[in-house]
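I have placed the structure first, in the form of structure tokens, so that the comments after it can refer back to it.
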Amino acid sequence: MKTVIIATKNKGKAKEFESLFAAKGYEVKTLLDVPDAPDVEETGTTFEANAILKAEAIAQQLGHFVIADDSGLIVDALDGRPGVYSARYAGEAKSDEANTQKVLSELEGVPEAERTARFYCALALASPNQETITVSGTMEGVITEQPSGENGFGYDPIFFVKDKGKTSAELTKEQKNQISHRAHALKALDEKLDLFLKREEGM
Ligand SMILES: O=P(O)(O)OP(=O)(O)OP(=O)(O)OC[C@H]1O[C@@H](n2cnc3c(O)ncnc32)[C@H](O)[C@@H]1O
Ligand SMILES: [Mg+2]
């Protein structure tokens, strides 16, 4: 089986990549399998910049091509926050619970029509041998007034997907993987992945 390495330490992302790539016949490894993987500082001001930072640092370190994901929640009424700070919005502990509570309290009193938001995912594919490729994907939604649902991770319990009439955490894994920002980004990468891997094999 072909293997792809995702440069992430986020369990929620890792699980999603496992099922998204299983459908393509790939096995996924993540930095959760690499105990001494460095923490790459996310100093970029865009999702793309941070995805590139993570992918290139880990590709150099492992001497192998990798995919990195930088993603987050963009809330219109909060001028785009938490944005690139999504993971640490409520502090260094990176608590999903604290992050979602912070967004909910900042939106207290904001009417439904103004609670529009989107998830954004930038993927960077990097190798020591080739130029880095980036792609992105989004998913539109509305921030709820309280969390609901047990699936997914991060901000999923407060992200209502209108078409489905459910929060992203109430969707099954399969449903989320059909419509998510991550799924859309991966679809955009698909077209470029084959050529990238062919070049990689020729080196
Ligand atoms: O950098 P890595 O190791 O990949 O893991 P991370 O958790 O730090 O990941 P990011 O820097 O990309 O921060 C993204 C945050 O945005 C949120 N997020 C991203 N994708 C999400 C999704 O599909 N559903 C819910 N929340 C998501 C989630 O809270 C993440 O912690
Ligand atoms: Mg991170």
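Counting starts at 1 for both ligands and their atoms, in listed order.
When only non-hydrogen protein atoms are considered, atom 5 (O) of ligand 1 lies nearest to Asn10 CB, 3.4 Å. Given atom 19 (C) of ligand 1, the protein heavy atom at minimum distance is Ser71 OG, 3.1 Å. The protein atom (non-hydrogen) at minimum distance from atom 11 (O) of ligand 1 is Glu42 OE1, 2.8 Å.
Residue Asn99 places no N or O, backbone or side chain, under 3.5 Å from any N or O of ligand 1. Distances between N or O atoms of Ser86 and those of ligand 1 include no value under 3.5 Å. The N/O atoms of Arg88, backbone and side chain alike, include none that comes under 3.5 Å of an N/O atom in ligand 1.
Between the side chain of Lys176 and the main chain of Gly152, no donor-acceptor pair closer than 3.5 Å is present. In this structure a side-chain-to-backbone donor-acceptor pair under 3.5 Å is present from Glu170 to Thr167. Not a single donor-acceptor pair under 3.5 Å links the side chain of Asp70 to the backbone N or O of Ala122. Remark: side-chain polar atoms of Arg115 are paired, donor with acceptor, to backbone N or O of Leu107 under 3.5 angstrom.
If you check the side chains of Asp69 and Thr8, you find no donor sitting under 3.5 Å from an acceptor.
Counting heavy atoms under 4.0 Å from ligand 1, residue Phe153 touches it through both backbone and side chain.
Here is the list of ligand 1 atoms found below 4.0 Å of a heavy atom in Thr8: 2 (P), 3 (O), 4 (O), 5 (O). Applying the 4.0 Å criterion to heavy atoms of Gly154 picks out, from ligand 1, the atoms 25 (C), 26 (N), 29 (O). Of all the atoms in ligand 1, the ones that sit under 4.0 Å from a non-hydrogen atom of Lys176 are 22 (C), 23 (O), 24 (N). Under a 4.0 Å criterion applied to the non-hydrogen atoms of Asp69, ligand 1 contributes the atoms 4 (O), 12 (O). Close approach to Lys13 involves these atoms of ligand 1, each under 4.0 Å from a residue heavy atom: 2 (P), 4 (O), 5 (O), 9 (O), 10 (P), 12 (O). Below 4.0 Å from some heavy atom of His181 lie the following atoms of ligand 1, by number and element: 20 (N), 21 (C), 22 (C), 23 (O).
Side-chain contact between Val75 and Glu106 is absent, with no heavy-atom pair separated by less than 4.5 Å. Here the side chains of Arg182 and Phe119 are not in contact, with every heavy-atom distance at 4.5 Å or above.
The distance from the Mg ion (ligand 2) to the nearest N/O/S atom of Asp70 is not under 2.8 Å.
Selection from Met139, Lys94, Lys9 by nearest heavy atom to atom 6 (P) of ligand 1 gives Lys94.
Distance check, rounded to the nearest 0.5 Å: NE2 of His181 to CG of Leu73 gives 9.0 Å. Note that CD1 of Ile5 is 8.5 Å distant from CG of Leu31, once rounded to the nearest 0.5 Å.
For Glu27, the side-chain contact (heavy atoms from CB on, under 4.5 Å) partners at least two apart in sequence or on another chain are Met1, Thr3.
Between Phe47 and Tyr120, the two ring planes are parallel [angle under 30°; tilted spans 30° to 60°].
In this structure, Ser180 has no heavy atom closer than 4.0 Å to ligand 1. The shell of residues lying under 4.0 angstrom from ligand 1, judged by heavy atoms, includes Asp70.
Taking the N/O/S atoms of Glu42 in turn, the shortest distance to the Mg ion (ligand 2) belongs to OE2.
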